[in-house]
Amino acid sequence: MILLQAEHIEKTYGIETILQDISLQIQTGERVGLVGVNGAGKSTLMKILAGELSYDKGIIRIPKDVTLGYLAQNSGLESERSIWDELLSVFSHLQKEELELRELETKMGDPAILADEKRYQQLLENYSHRSEAFKEKGGYSYEGAIRGVLHGLRFADFDYTTPIRTLSGGQKTRLALAKLLLQSPTILLLDEPTNYLDIETLTWLEVYLQNYQGAILVVSHDRYFLDKLVTVVYEIERTRATRYVGNYSRFLDEKAARLEQDLKRFEKQQEEIAKLEDFIARNIARATTTKRAQSRRKTLEKMDRLDKPIMNNKSVHFSFDVAKMSGTIVLKANNVAIGYPDAVLSQGLTFEIEREERVALVGPNGIGKSTLLKTIVEQLPKLRGDIHFGSNVTIGYYDQEHRNLNERNTVLGEIWDE
């Protein structure tokens with residue numbers, strides 16, 4: 001069954017065309033990956049499908065009984081409620097039905113109703129029917145579902161009465177994802193859902209989505225996540241979408257094969273065009289062959305010329321030279337404790353980094369990875385221990401929330417200032 005069908009969607013901003021003649025469909029149970037280079041229009045298309053952005057041309061068909069849930073990129077949950085109360089609100093309809101069932105139970109114990117056999121039987125049948133429907137909708141398991149999702153998204157150690165407004169940006173984003181998963185829409189629209197997820201949480205999300213009852217459309221730059229999840233890939237390239245069946249690795253193989261075929265067709269047509277042009281040039285002026293030359297010219301004019309396939313997208317390459325070579329030991333930490341005066345996040349950190357090493361810092365959310373980096377660059381004081389830099393060491397720091405950028409600057413101005 002087709003759950004969503006978009007046909008010939010077009011979106012422009014001023015004179016710039018972002019999307020043109022985009023067509024895609026999502027069927028029952030499909031896991032669809034939406035890929036393309038940055039700026040290709042993936043998030044724009046997601047917002048259009050979610051009904052949050054208008055489009056200039058085309059049509060979107062969604063059956064009445066199909067529900068959509070949309071998680072925008074880095075969209076945190078804003079609420080004055082506590083964690084538990086906010087997620088419990090997803091099941092307000094079940095809470096209402098539960099109260100009504102309790103009221104029926106009270107009536108069933110009423111002596112006046114018990115004395116009326118017919119009325120009692122009607123009440124019993126009504127209760128049995130509604131109780132069964134309540135069970136099928138998850139009425140007896142929704143609190144367990146909330147705890148399961150909170151545990152999977154690493155809120156297990158939180159006090160569930162914690163106000164959401166006190167959470168960090170990353171925690172609010174994970175909580176927005178938790179609420180959306182509990183809502184269980186027919187189609188999940190997920191724009192970069194793996195942001196702010198550590199490895200364990202990402203693994204949990206992969207399994208959860210693999211077993212999700214509805215369909216999924218996901219934008220992600222994580223090829224391993226896409227490989228494990230998606231069954232269909234749509235690539236947006238040069239304002240248009242192309243459909244491939246399979247996971248991300250299969251898409252890469254099929255795209256390469258398709259480009260090779262397109263290049264062969266293009267080269268074959270170019271050879272044919274060259275031969276026709278050569279024949280016309282040599283024979284158009286000769287009385288004995290001019291008719292054949294004119295016939296070839298008409299053939300050439302009617303030909304549907306193929307565009308040369310672009311084998312590789314243009315990309316920027318940077319190369320940086322070191323102004324002055326550092327010593328062999330670049331950084332040495334000894335028994336360092338990090339965090340805040342009222343909350344030690346990690347302690348006993350002892351390590352050293354040598355010149356030209358590439359080091360990955362991993363661990364669960366909240367353990368202090370970003371705090372350690374901020375401590376190294378002296379944005380935060382260390383609680384104890386020693387950090388020493390080698391000779392001729394300079395540091396470049398790219399922070400998670402881009403706080404070192406001047407938002408009043410233009411893009412060029414920000415770079416020029418450096």
Side-chain angles (χ1 to χ4, degrees), residues 1-4 26-31 49-51 61-71 77-153 155-156 158-164 174-190 204-205 207-217:
M1 176 183 172
I2 296 177
L3 303 177
L4 182 150
I26 301 172
Q27 298 189 32
T28 303
E30 279 190 335
R31 279 84 175 97
L49 296 177
R61 295 188 179 92
I62 303 173
K64 288 183 179 180
D65 58 340
V66 170
T67 55
L68 271 68
Y70 172 53
L71 181 73
L77 186 61
E78 299 295 338
S79 174
E80 291 299 315
R81 293 171 171 163
S82 67
I83 293 173
W84 183 260
D85 286 345
E86 182 63 31
L87 297 190
L88 195 62
S89 69
V90 171
F91 303 100
S92 58
H93 61 295
L94 291 177
Q95 290 180 291
K96 182 181 177 183
E97 289 184 31
E98 191 171 11
L99 287 174
E100 291 171 354
L101 284 173
R102 299 292 86 82
E103 290 174 3
L104 288 176
E105 289 169 359
T106 302
K107 287 182 180 179
M108 288 161 63
D110 187 336
I113 294 176
L114 284 169
D116 187 335
E117 181 66 23
K118 184 177 179 181
R119 188 178 174 189
Y120 178 74
Q121 285 299 324
Q122 287 176 339
L123 185 61
L124 201 60
E125 288 177 13
N126 183 27
Y127 177 81
S128 177
H129 173 74
R130 294 186 62 175
S131 180
E132 188 63 30
F134 180 71
K135 179 181 178 182
E136 288 178 2
K137 287 185 282 187
Y140 298 109
S141 59
Y142 63 83
E143 289 194 1
I146 294 174
R147 290 191 178 90
V149 169
L150 284 173
H151 186 273
L153 291 173
F155 285 98
F158 274 70
D159 180 351
Y160 292 165
T161 63
T162 302
I164 290 172
R174 283 187 285 128
L175 206 57
L177 176 59
K179 185 175 181 180
L180 185 60
L181 295 178
L182 290 170
Q183 288 170 337
S184 297
T186 315
I187 305 175
L188 277 174
L189 304 176
L190 306 175
W204 175 87
L205 181 63
V207 175
Y208 189 96
L209 293 179
Q210 284 168 355
N211 295 293
Y212 187 72
Q213 295 298 308
I216 300 168
L217 176 64

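Under the 3.5 Å distance criterion, with hydrogens and angles disregarded, no donor-acceptor pair is assigned to the side chains of Glu125 and Gln121.
Here the side chain of Ser141 pairs no donor or acceptor atom with the backbone of Gly144 at under 3.5 angstrom. Counting only distance, with no hydrogens or angles, the side chain of Asn211 and the backbone of Val207 share a donor-acceptor pair below 3.5 Å.
Leu71 CG to Leu188 CG: the interatomic distance, rounded to the nearest 0.5 Å, is 9.0 Å. Taking CD from Glu100 and CG from Asn126, the interatomic distance works out to 10.0 Å, rounded to the nearest 0.5 Å.
For the pair Ile216 and Leu190, the minimum side-chain heavy-atom distance is below 4.5 Å. Proximity of Trp204 to His151: side-chain heavy atoms (C-beta onward) are nowhere separated by under 4.5 Å. For the pair Leu150 and Phe158, the minimum side-chain heavy-atom distance is 4.5 Å or more. By the 4.5 Å heavy-atom criterion applied to side chains, Arg31 and Leu209 are not counted as neighbours. With contacts defined as side-chain heavy-atom distances shorter than 4.5 Å, the pair Val149/Tyr208 qualifies.
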Residues Leu217, Leu4; criterion side chain to side chain contact (heavy atoms under 4.5 Å, CB included); working and verdict: CA-CA 11 Å; Leu217 176 64; Leu4 182 150; over 6 Å; no
Arg81 vs Leu88, side chain to side chain contact (heavy atoms under 4.5 Å, CB included): CA-CA, chis, key distance, verdict: CA-CA 10 Å; Arg81 293 171 171 163; Leu88 195 62; over 6 Å; no
Step-by-step ring-ring contact (aromatic ring centres under 6.0 Å, His included) determination, Tyr160 to Phe155: CA-CA 8 Å; Tyr160 292 165; Phe155 285 98; 8.2 Å; no
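Shown here are the side-chain hydrogen bond (donor to acceptor under 3.5 Å, both in side chains) partners of Tyr127, two or more places apart in sequence or in another chain: Glu105. Not a single side-chain hydrogen bond (donor to acceptor under 3.5 Å, both in side chains) links Arg147 to another residue, sequence neighbours left out. Lys137 meets the salt bridge (Lys or Arg N to Asp or Glu O under 4.0 Å) test with Glu97; sequence neighbours excluded.
In plain terms, the two heavy atoms of Ile146 and Phe91 that are nearest each other are CG1-CE1, 3.7 Å. Heavy-atom minimum distance, Tyr212 versus Leu181: CE1-O, 4.5 Å. When all heavy atoms of Ile164 and Leu77 are compared, the pair lying nearest together is CG2-O, 3.4 Å. Across Ala215 and Leu3, no two heavy atoms sit closer than the pair CB-CD1, 3.8 Å. Contact record, Pro185 with Thr67: CA-OG1, 3.3 Å, taken as the closest heavy-atom pair.
Checked options Leu49, Leu68, Ile62; the residue passing with Ile187 is Leu68 (criterion: side-chain contact (heavy atoms from CB on, under 4.5 Å)).
Around the NE2 atom of His129, the shell of radius 6.0 Å holds no more than 12 heavy atoms that belong to other residues, nucleotides or ligands. Gln213 CD: 12 or fewer foreign heavy atoms inside a 6.0 Å radius.
By the 4.0 Å N-to-carboxylate-O rule, Glu103 lies too far from Lys107 to be salt-bridged with it.
Using a 30° and 60° split on the angle between ring planes, Tyr140 and Phe134 fall in the perpendicular class, above 60°.
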